[in-house]
Trainee: 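Structure provided below as structure tokens; questions to follow.
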Amino acid sequence: MTRAMAAAVALALVLAGCSGFVQPDSPETVTPVAVPTDGAGYPPGVSDDAVVPSTLASAHARTLATTNYTLVTRQRVTDSNGTVLRRTNHTRYVAANKTYAGQFRQNGTELNTFTTRIDYWTNGSIVAARYDNRANRRNQVTWPVRDDGPVSDLSERRTIRGIGEAVDLSVADRSDGGVALVGTRFTNPDRLRTPLFVSEPHSVSVRLRVNHDGTVSAFRLVFDAERSDQPVRVTQEMRLQNVGSTTVAQPEWVANTTQRSLRE
């Protein structure tokens, strides 16, 4: 694996920005409702008066760092007719011992029609990846872990913080299970992690479900933007699943990988 190829595999996993529970493509109109005054508490970084994105995102990442979980993200970029220009699906299975695996799939119309398929696994010491090259030939390689490994933000902490810093969030509902945060107004759209080639986000709608320990169990973000002077709509979704019960076994194909050096 050359240094350039390792970087390309890692880059493909983050080009989409963030992204799941599927809902209609139209932005939802969200009106905050009266918050109950019973004994239900608030997650870290959330209160009646404000949401502190950095505190909420840190609590989310800190809690997940000590457990196993599955995190599913979905992203769609559509044009004004609803045609899908790019679709990204990313599922990762994470263990608390630095072992994790995932499947990344992306297809779109940039540079003609393309499809990216990457399966990966790491135990904290090595990374193994299985992917198709431009000739649709299957490659299976392994290389030593450097820096953060193939995914630099396993819990989507930076994505959650970016949403909170970009959108004015408020509490829409509170119960024994947690809170629902909603927002329909950008305050600092530059803080949002947008997909590749997408800029000028506006007309936003977002809803997050937050457990009392601070973990964001799901969110759905929809906003309009520009892509090469073309109006587009971006839908980004995340769902946290199987917390505490996810298992991460070494895939069978890892045994057939070719060991490479990043210096090649």
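None of the values given here were measured: they were computed from a predicted structure.
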Trainee: When rounded to the nearest 0.5 angstrom, what is the spacing between CZ in R185 and CG in L169?
Mentor: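 Spacing of CZ (R185) from CG (L169) equals 10.5 Å.
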Trainee: Rounded at 0.5 Å granularity, tell me how far CG in N68 sits from OG in S245.
Mentor: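 Rounded to the nearest 0.5 Å, the CG-OG separation comes to 8.5 Å.
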Trainee: Considering non-hydrogen atoms only, spot the tightest contact between A128 and T257 and give its length.
Mentor: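 In this case the closest contact between A128 and T257 is CB-CG2, 4.3 Å.
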Trainee: Walk me through whether Y42 and R174 qualify under side-chain contact (heavy atoms from CB on, under 4.5 Å).
Mentor: CA-CA 8 Å; Y42 287 102; R174 177 160 58 97; 3.3 Å; yes
Trainee: Decide, yes or no, whether a salt bridge links D153 with R193 under the criterion of side-chain N to carboxylate O below 4.0 Å.
Mentor: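 Looking at R193 together with D153, the answer is yes, because their closest N to O distance falls below 4.0 Å.
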Trainee: Do R158 and S152 get their side chains close enough for a donor-acceptor pair, meaning under 3.5 Å?
Mentor: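 Distance-only check passes for R158 and S152.
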Trainee: Are the side chains of E200 and P189 in contact, using a 4.5 Å heavy-atom criterion?
Mentor: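 No - every pair of side-chain heavy atoms lies 4.5 Å or more apart.
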Trainee: Is the shortest heavy-atom distance from the side chain of V222 to the side chain of V204 under 4.5 Å?
Mentor: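 When only atoms from C-beta onward are counted, V204 and V222 do not touch, as no gap falls below 4.5 Å.
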Trainee: Keeping the roles fixed (side chain from D79, backbone from G82), state whether a donor-acceptor pair exists under 3.5 Å.
Mentor: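 Side chain of D79 to backbone of G82: a pair is present.
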Trainee: Which one of T88, T235, N89 satisfies the side chain to side chain contact (heavy atoms under 4.5 Å, CB included) criterion with R74?
Mentor: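 Single pass found, and it is N89.
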Trainee: Quick check for you: to the nearest 0.5 Å, what is the distance between L208 atom CG and L56 atom CG?
Mentor: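 One finds 7.5 Å between CG of L208 and CG of L56.
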Trainee: Stepwise, does the side-chain contact (heavy atoms from CB on, under 4.5 Å) test hold for Q103 with I118?
Mentor: CA-CA 6 Å; Q103 295 91 39; I118 301 173; over 6 Å; no
Trainee: What distance do L196 atom CG and R227 atom CZ have between them, rounded to the nearest 0.5 Å?
Mentor: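 It comes to 9.0 Å.
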Trainee: Between T99 and A95 (side chain of the first, backbone of the second, donor and acceptor by atom type, cut-off under 3.5 Å), is there such a pair?
Mentor: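 Pair absent, no side-chain N/O of T99 close to backbone of A95.
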Trainee: Any heavy-atom pair between the side chains of Y120 and R92 that's under 4.5 Å?
Mentor: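 They are in side-chain contact.
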Trainee: What closest approach, in Å, do T66 and A96 show between heavy atoms, and which atom pair accounts for it?
Mentor: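 For T66 and A96, the tightest heavy-atom pair comes out as C-CB, 3.9 Å.
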Trainee: Is R86 close to Q106 at the side-chain level, that is, under 4.5 Å between some pair of heavy atoms?
Mentor: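 Yes - at least one pair of side-chain heavy atoms lies under 4.5 Å apart.
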Trainee: Determine yes or no for a side-chain-to-main-chain donor-acceptor pair under 3.5 angstrom, with T215 supplying the side chain and N211 the backbone.
Mentor: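 It does not hold such a pair.
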Trainee: Check the hydrophobic clustering (I, L, V, M, F, W, Y; side-chain heavy atoms under 4.5 Å; chains of links allowed) and say if I160 and V243 are grouped together.
Mentor: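 Looking at the clustering, V243 is in the same group as I160.
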Trainee: Passes side chain to side chain donor-acceptor pair (under 3.5 Å), H60 versus R62? Steps please.
Mentor: CA-CA 6 Å; H60 170 82; R62 184 171 57 250; over 6 Å; no
Trainee: Compare all side-chain heavy atoms of P44 with those of T55 and state whether any distance is below 4.5 angstrom.
Mentor: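 SC-SC contact between P44 and T55 confirmed.
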Trainee: What's the spacing between S228 OG and L85 CG if we round to 0.5 Å?
Mentor: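 These two atoms lie 9.5 Å from each other.
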Trainee: Tell me every residue that passes side chain to side chain donor-acceptor pair (under 3.5 Å) with T70, counting only those two or more places apart in sequence or in another chain.
Mentor: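 Checked T70 against side chain to side chain donor-acceptor pair (under 3.5 Å); matches are T246.
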Trainee: So does G102 get a backbone contact from the side chain of T91, meaning a donor-acceptor N/O pair under 3.5 Å?
Mentor: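 Answer holds: no.
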Trainee: Is it possible for you to say whether V127 and V141 belong to one hydrophobic cluster, with membership spreading through side-chain heavy-atom contacts below 4.5 Å?
Mentor: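 The answer is yes; both residues are in one hydrophobic cluster.
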Trainee: With ILVMFWY side chains joined below 4.5 Å, transitively, what does W253's cluster contain besides itself?
Mentor: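 The other cluster members (ILVMFWY side chains, heavy atoms under 4.5 Å, direct or chained) are Y93, W121, I126, V248, V254.
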Trainee: Got a donor-acceptor contact below 3.5 angstrom from the S217 side chain to the L240 backbone?
Mentor: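 Such a contact is absent between S217 side chain and L240 backbone.
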Trainee: Would I163 and T159 count as a side-chain contact (heavy atoms from CB on, under 4.5 Å) if you check the C-alpha gap in whole Å, the side-chain angles of each, and the deciding distance to 0.1 Å?
Mentor: CA-CA 6 Å; I163 292 173; T159 297; 4.2 Å; yes
Trainee: Would you say T122's side chain and G124's backbone share a donor-acceptor pair under 3.5 angstrom?
Mentor: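 Confirmed, T122 side chain pairs with G124 backbone.
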Trainee: Do F186 and V206 make a side-chain contact, defined as non-hydrogen atoms from C-beta onward lying under 4.5 Å apart?
Mentor: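 Heavy-atom side-chain distance check fails, nothing below 4.5 Å.
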Trainee: Kindly give the heavy-atom pair with the smallest separation between V198 and A225, and that separation in Å.
Mentor: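 Taking every non-hydrogen atom into account, CG1-CB, 3.5 Å.
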Trainee: Give me the atom names and distance for the closest heavy-atom approach of Q250 to A255.
Mentor: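 Shortest heavy-atom separation between Q250 and A255 comes out as NE2-N, 4.5 Å.
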Trainee: Do the side chains of N107 and R87 get nearer than 4.5 Å, heavy atoms only?
Mentor: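 A side-chain contact exists here, since the closest heavy-atom pair is under 4.5 Å.
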Trainee: Cation-pi check for F223 against R233: NZ or CZ below 6.0 Å from the six-membered ring centre and within 45 degrees of the axis, yes or no?
Mentor: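 No, R233 and F223 do not form such a contact.
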Trainee: Could you grab the distance from atom CG of N139 to atom OG1 of T258, nearest 0.5 Å is fine?
Mentor: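 N139 CG to T258 OG1: 8.5 Å, rounded to 0.5 Å.
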Trainee: Using a 3.5 Å distance criterion without hydrogens, assess whether the side chain of H212 forms a donor-acceptor pair with backbone atoms of S175.
Mentor: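 Indeed, once roles are kept as given, a pair shorter than 3.5 Å links the two residues.
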Trainee: Test: salt bridge (charged side-chain N to carboxylate O under 4.0 Å, His left out). Region: residues 93-109. Which pairs qualify, not counting sequence neighbours?
Mentor: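 Output for this query lists R105-D119.
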Trainee: Please name the pair of heavy atoms, one in E226 and one in P231, separated by the smallest distance, quoted to 0.1 Å.
Mentor: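 So the minimum-distance heavy-atom pair works out to OE1-N, 3.7 Å.
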Trainee: Whether the side chain of Y100 engages the backbone of V151 through a donor-acceptor N/O pair (distance < 3.5 Å, no angle test) should be reported.
Mentor: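 Such a contact is found between Y100 side chain and V151 backbone.
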Trainee: Can a donor-acceptor pair be found, under 3.5 Å and without considering hydrogens, that links the side chain of T73 to the backbone of H90?
Mentor: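 Looks like yes, one N/O pair under 3.5 Å.
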Trainee: Over all heavy atoms of both residues, which pair between L64 and S155 is shortest? Give the atoms and the distance, please.
Mentor: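 That closest heavy-atom pairing would be CD1-CB, 3.9 Å.
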Trainee: Is it true that Y131 and V145 fall in one hydrophobic cluster, defined by side-chain heavy atoms closer than 4.5 Å?
Mentor: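 Shared cluster, yes.
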Trainee: Do F219 and V210 have side chains that get closer than 4.5 Å, going by heavy atoms?
Mentor: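 A side-chain contact under 4.5 Å is absent here.
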Trainee: Take L181 and V171 through the side-chain contact (heavy atoms from CB on, under 4.5 Å) test and state the conclusion after the steps.
Mentor: CA-CA 5 Å; L181 302 179; V171 178; 3.8 Å; yes
